[in-house]
Amino acid sequence: MKGKVILLGVSGGIAAYKAAGLCSALVKEGAVVHVIMTESATRFIAPLTFQSLAKTAVITDIFAEPDPGEISHIALADKADLVVVAPATANVIAKAAHGLADDMLTTTLLATRVPVLFAPAMNVNMYHNPVVQDNLARLRARGWLVAEPGEGPLACGYTGRGRLPEPEELVDVIRAIFRQKKDMQGLRVLVTAGGTRERIDPVRYLTNDSSGKMGFALAEAAARRGADVTLVTGNTTLPPPANVRVVPVESALDMHRVVLDLLPQQDVVIKAAAVADYRPALAAERKIKKTGDRLTIELVRNPDILADIGTRKTDRQVIVGFAAETNDVVTNAAAKLRAKNADLIVANDVSQEGAGFGSDTNIVSLVRPDRPVRELPQMSKRDVAEAILDEILAIRKDRL
Ligand code: CTP
């Protein structure tokens, strides 16, 4: 962190006092810290505290322009390597999510082009309020980072999620941001995600439990690492990741067409989508009316997209498939690897707690031809995504 310029935005919550600890820790790490406080933050802690710790002038008033040669919020936004808002109140989160700029902090947030980390801290019910969660999702969708608050007793007397993480924890998050690798720069990556919908009639379809979380985490991580990412996504409610081209599709046939179309331009294809193996033989044009006691829907096989990619791939392309299994995970995954001519199969036991559909974590094994299987422990889907991308880069390196 030596020499990095960090802009610390402090907004008005009781956790503002902890921001002093963070400021001091960042200074100790060698960072140059500039502090912007909102008016309400100054009710909780004095600007002089931050000035004494950071040895830089604390800015609270957008109209106090100490240097006639520059405009403070633009100069600060340009000079920073990172902006950290800690604590981020529900109010400052809402303003940032909607582009309001009525004080020094929110104006600087609009003006900056460097990474921004928000560390929310508030009452547990406020934090879980859908309005606040929607606003946080907006921030994430724009590529801003959000540090999950901790759980425990809160100043308001409640116990739950809403605590500002301790300064050391935030310093770890900040270190990780500065370490962020850009090792996928120049690579074109296609990710598929979510489940497909197979039409029965205009109001009904067959689908599966896929949430799209794993594919979205992969697309987001690859974009963060500098790749040019296209995300072909079936049904999901997730917000689109930042800096990713999103192509929504409905059925397996749609996904097949789009993916094969885009295939020649890709360096890497990751098939995290849960593609329906069968579709109704006929999608009725009108809503099917009920008739007798039984209704039979005839299903026909969908094309296997991954297998089709496997027959067309070039030597420079890396093709990754997933295997959702409930038994004999590695044996079945190895069979899929051969049958579909993939370079890597990410196998997961979807019957295990903490793995598979809908979960925020996953437990996977990485299966490659002629390599020992790599079994990864339970990790967040975000970390699994990073591990898969590392493996893809290792495959590319092995080919050199
Ligand atoms: N897949 C695909 N097209 C299909 C079915 C699956 O591209 N029609 C891909 C998935 O995206 C995944 C991999 O194939 O990357 C394995 O999917 P999975 O559902 O685990 O296996 P299937 O091949 O469908 O085999 P089975 O359902 O018999 O286990």
Side-chain angles (χ1 to χ4, degrees), residues 189-199 205-219 222 230-236 247-263 266 268-281 299-313 317-352 355-359 362-369 373 381 384-385 387-389 391-392 395:
V189 176
L190 174 72
V191 182
T192 69
T196 59
R197 281 179 172 175
E198 309 300 324
R199 280 280 150 206
Y205 50 78
L206 298 173
T207 190
N208 54 60
D209 281 334
S210 169
S211 61
K213 283 180 184 166
M214 192 63 243
F216 274 56
L218 279 158
T230 307
L231 176 62
V232 178
T233 172
N235 172 41
T236 166
V247 184
V249 292
E250 184 171 275
S251 64
L253 285 180
D254 293 342
M255 188 174 278
H256 185 251
R257 186 174 33 78
V258 170
V259 168
L260 291 190
D261 220 35
L262 297 171
L263 177 66
Q266 307 304 319
V268 177
V269 178
I270 311 176
K271 289 244 47 232
V275 184
D277 292 323
Y278 294 89
R279 68 178 181 279
L299 302 178
V300 293
R301 272 291 280 274
N302 270 327
D304 189 319
I305 308 173
L306 183 58
D308 278 354
I309 296 172
T311 61
R312 288 162 209 231
K313 71 169 186 192
Q317 291 178 312
V318 178
I319 309 299
V320 181
F322 274 70
E325 306 292 343
T326 53
N327 52 283
D328 303 319
V329 179
V330 171
T331 318
N332 287 335
K336 282 179 188 168
L337 183 76
R338 281 190 301 276
K340 304 194 188 209
N341 193 26
D343 301 296
L344 170 66
I345 290 280
V346 182
N348 59 342
D349 181 347
V350 286
S351 64
Q352 250 180 302
F357 293 156
S359 170
N362 215 350
I363 308 166
V364 304
S365 304
L366 304 182
V367 187
R368 280 173 62 179
V373 174
K381 285 191 172 169
V384 173
I388 294 169
L389 298 179
E391 194 71 26
I392 290 170
I395 293 172

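These numbers were taken from a predicted model, which means no experiment stands behind them. Atoms within each ligand, like the ligands themselves, are counted from 1 in listed order.
When side chains are defined from C-beta on, His256 does not count as touching Asn302, because their heavy atoms never get closer than 4.5 Å. Looking only at side-chain heavy atoms (C-beta outward), Thr326 and Val350 come within less than 4.5 Å of each other.
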task: Could you walk me through whether Asp304 and Lys340 pass side chain to side chain contact (heavy atoms under 4.5 Å, CB included), step by step?
output: CA-CA 9 Å; Asp304 189 319; Lys340 304 194 188 209; 2.7 Å; yes
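Atom CD1 of Ile319 is separated from atom CZ of Arg312 by 11.5 Å, given to the nearest 0.5 angstrom.
Asn348 and Asn362 form a side-chain donor-acceptor contact under 3.5 Å, judged by distance and modelled atom types alone.
Under the rule for a side-chain contact (heavy atoms from CB on, under 4.5 Å), the partners of Ala385 that lie at least two apart in sequence or sit in another chain are Met214, Ala217, Leu218, Ala221.
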For ligand 1, what N or O to protein N or O distances fall under 3.5 Å?
from	atom 1	to	atom 2	distance (Å)
ligand 1	3 (N)	Ile305	N	3.0
ligand 1	7 (O)	Lys271	NZ	3.1
ligand 1	7 (O)	Ile305	N	3.3
ligand 1	7 (O)	Leu306	N	2.8
ligand 1	8 (N)	Pro303	O	3.0
ligand 1	11 (O)	Lys271	O	3.4
ligand 1	11 (O)	Ala273	O	2.8
ligand 1	14 (O)	Lys340	NZ	2.9
ligand 1	15 (O)	Lys271	O	2.8
ligand 1	15 (O)	Phe322	N	2.8
ligand 1	15 (O)	Phe322	O	3.3
ligand 1	20 (O)	Ala324	N	3.0
ligand 1	20 (O)	Lys336	NZ	2.8
ligand 1	21 (O)	Lys336	NZ	2.9
ligand 1	23 (O)	Lys340	NZ	2.5
ligand 1	24 (O)	Asp277	OD1	2.9
ligand 1	24 (O)	Asp277	OD2	3.1
ligand 1	27 (O)	Asp277	OD2	3.1
ligand 1	29 (O)	Lys336	NZ	2.9

